[in-house]
Amino acid sequence: MELVEESPYRFRIDRRDPMRVPGVVFASRALLPDPAGDRSLEQVANVATLPGIVGASYAMPDVHWGYGFPIGGVAATDIAAGGVVSPGGVGFDISCGVRLLAADLDRAELRPRLEAVMDALSAATPRGMGSGAVWQLTSRDELEAVLRGGSGYAVRRGFGVERDLHRCEDYGAVQDADPAQVSDRAIERGAHQVGSLGSGNHFLEVQAVEQVYDEPVAEAFGLRPDQVCVMIHCGSRGLGHQICTDHVRAMEKVMGRYGIHVPDRQLACAPVDSAAGRAYLGAMAAAANYARANRQLLAHAVGRIFERQTGRRLDLVYDVSHNLAKIEDHTLDGGVRLLCVHRKGATRALPPGHPDLPAELRGVGQPVLIPGSMGTASYVLTGVVGSPAFASACHGAGRVRSRKQAVAVGRGGDPRAQLQARDIAVRGASRRGLAEEMPAAYKDISAVVEAAEGAGLCRKVARLVPLGVVKG
DNA sequence: ATGTGC
């Protein structure tokens with residue numbers, strides 16, 4: 001894959017047939033994927049062939065290989081020009097995302113209570129591959145209320161407060177969810193997992209604010225130095241996975257009828273303005289709302305534990321997903337166009353002044369929540385005016401070794417002991433599960449964030465360090 | 001990511 005260096009944090013893949021637009025990779029040279037083990041730059045070029053794609057096929061600094069689209073990919077299509085939506089451009093874990101809570105508590109005050117807090121969080125957090133959840137839903141009607149209402153439904157049922165919704169992307173629910181497009185199988189898989197963490201790279205972490213880069217913005221977000229925070233990273237569990245599977249299959253069947261041909265079967269897609277496209281978007285919105293409710297329920301459980309253990313409240317800083325396609329207005333070539341923006345392993349990053357932000361955040365921009373790999377720092381960033389990638393930023397460190405490779409590299413070591421030696425309390429997860437998530441398997445989060453900022457995608461606000469982690 | 005893999 002030929003890359004042209006345009007600036008220190010921007011590389012171009014020149015357009016050549018059948019690409020409709022160029023590829024653009026925001027990264028330092030050191031962060032570029034190694035073509036020997038990762039073909040994600042070929043995927044960037046493949047995405048550039050999709051009908052209706054505008055601007056470029058973008059890759060964030062944490063880009064790595066994914067299903068069809070790269071993880072860390074952004075692609076926008078022009079709906080009026082036959083632009084498509086593709087489930088592979090969202091990913092299997094629909095609306096997987098991050099929620100950050102902040103306590104009115106300093107890390108020194110928490111220190112003597114940390115082990116007890118971690119035990120209580122561990123006991124209250126359903127996690128791992130199987131079932132077990134905060135909510136046990138008994139009827140399809142009740143699950144449909146979750147699929148339509150997202151975090152808002154959880155709040156209405158008493159699991160949170162109205163203020164929470166002002167600190168959620170989309171005020172807690174994507175509009176136009178269509179439960180009729182969700183298969184019975186997806187419903188069955190989801191019914192017993194509402195309010196559960198999952199496994200893999202999902203986690204619940206107690207953190208402390210180690211550094212503030214922009215004090216006024218941090219203050220507007222509700223963050224200050226040494227403050228204790230809780231970060232939750234999880235998604236739509238088996239329900240989102242099943243919806244992705246179902247709609248990829250459906251689109252594979254009808255794609256030819258729309259005259260669409262793609263270089264990789266995993267890029268199955270349909271026009272946004274088509275029966276198959278609308279069906280997927282309705283089901284995707286339902287899965288997104290499931291993920292939002294999932295994080296709302298877990299956060300509420302965590303809040304109760306914090307109050308009981310420390311006497312302090314947890315307030316929501318923000319909740320934002322990094323696996324979603326959204327219908328958005330963007331200015332392009334001087335005109336406003338309605339685009340379908342796919343962000344897969346990429347976080348929406350609205351700039352200051354954006355009308356979709358609540359009044360209290362409009363002056364400073366949207367909080368962009370970037371978890372590091374296990375045991376490393378996480379970052380809070382903010383969106384900036386003039387984003388070069390449809391108001392999007394990175395989403396995390398980005399895997400560089402497969403799970404299997406990660407276990408092989410770490411063989412002989414004890415991941416739990418390694419984390420505890422650095423004063424990080426660990427709860428849950430098997431030895432293998434932890435080994436798969438060790439920092440050696442990921443890029444350096446600080447380098448990823450430097451590149452994202454250097455490329456003009458976002459701006460640093462605060463750096464958080466882990467005190468304790470609950471893994472699936 | 002995922003009742004882990006056609």
Side-chain angles (χ1 to χ4, degrees), chain A residues 38 40 43 62-73 86-99 126-133 136-137 143 182-204 232-249 252 265-266 268 283-284 286-288 290-292 294-295 298 320-325 342-347 371 373-374 394-407 428-437 441-442 470-472:
Chain A
D38 180 311
S40 58
Q43 295 186 312
D62 49 338
V63 65
H64 58 113
W65 185 86
Y67 178 89
F69 286 60
I71 296 163
S86 173
V90 171
F92 280 88
D93 193 0
I94 296 166
S95 204
C96 178
V98 180
R99 176 174 287 228
R127 60 181 185 274
M129 281 291 285
S131 47
Q136 289 301 328
L137 302 185
L143 185 51
V182 179
S183 67
D184 289 343
R185 202 167 175 192
I187 295 280
E188 282 165 25
R189 289 180 67 174
H192 307 291
Q193 299 183 323
V194 198
S196 67
L197 199 58
S199 60
N201 67 356
H202 290 162
F203 65 81
L204 185 156
I232 298 170
H233 176 210
C234 64
S236 50
R237 307 292 331 274
L239 179 126
H241 193 277
Q242 190 63 47
I243 286 172
C244 183
T245 302
D246 293 340
H247 287 263
V248 164
R249 277 190 199 140
E252 276 175 350
R265 275 188 61 166
Q266 297 184 349
M284 181 208 71
Y290 182 98
R292 312 299 177 83
N294 193 18
R295 290 194 287 273
L298 290 173
V320 65
S321 64
H322 46 234
N323 281 1
L324 207 61
H342 301 74
R343 297 187 182 90
K344 179 187 190 179
T347 313
S373 56
M374 191 175 61
C394 53
H395 88 304
R399 194 173 269 284
V400 287
R401 281 185 226 279
S402 69
R403 295 178 189 287
K404 205 172 171 178
Q405 286 171 326
V407 172
S430 62
R431 182 195 179 102
R432 188 186 174 87
L434 290 177
E436 289 175 350
E437 295 302 321
Y442 286 86
V470 179
K471 289 291 288 184

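Values in this document were obtained by computation on a predicted structure and should not be read as measured data. Letters go in sequence order (proteins before strands), and every chain restarts at 1.
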For [X] and [N], what is the distance between atoms [atom1] and [atom2] respectively, to the nearest whole Å?
X      : N     : atom1 : atom2 : value
A/Q266 : B/dC6 : CD    : C1'   : 14 Å
A/H241 : B/dT4 : NE2   : C1'   : 8 Å
A/K404 : B/dG5 : NZ    : P     : 14 Å
A/Y67  : B/dG5 : OH    : P     : 12 Å
A/R403 : B/dG5 : CZ    : C1'   : 14 Å
A/M129 : B/dG5 : CE    : C1'   : 12 Å
A/I243 : B/dT2 : CD1   : P     : 14 Å
A/H202 : B/dT2 : NE2   : C1'   : 10 Å

**Request:** May I ask you to verify if any side-chain N or O of A/S199 is less than 4.0 angstrom from the OP1 or OP2 atom of B/dT2?
**Result:** yes
**Request:** Check every strand shown and say whether A/R399 touches a base, only sugar-phosphate, or nothing at a heavy-atom separation below 4.0 Å.
**Result:** nothing
**Request:** Remember a base hit wins even if backbone is also touched, and classify A/G238 as base, sugar-phosphate or nothing at under 4.0 Å, heavy atoms.
**Result:** sugar-phosphate
**Complete:** Heavy-atom closest pair (A/I94 atom, A/A291 atom, distance to 0.1 Å) is O-CB, 3.8 Å
**Message:** Just checking A/R265: does its CZ atom have more than 12 heavy atoms from other residues, nucleotides or ligands closer to it than 6.0 angstrom?
**Reply:** no
**Prompt:** Does a side-chain N-to-carboxylate-O contact under 4.0 Å join A/E437 and A/R399?
**Reply:** yes
**Message:** Under 6.0 Å between ring centres: does that hold for A/H233 and A/H322?
**Reply:** yes
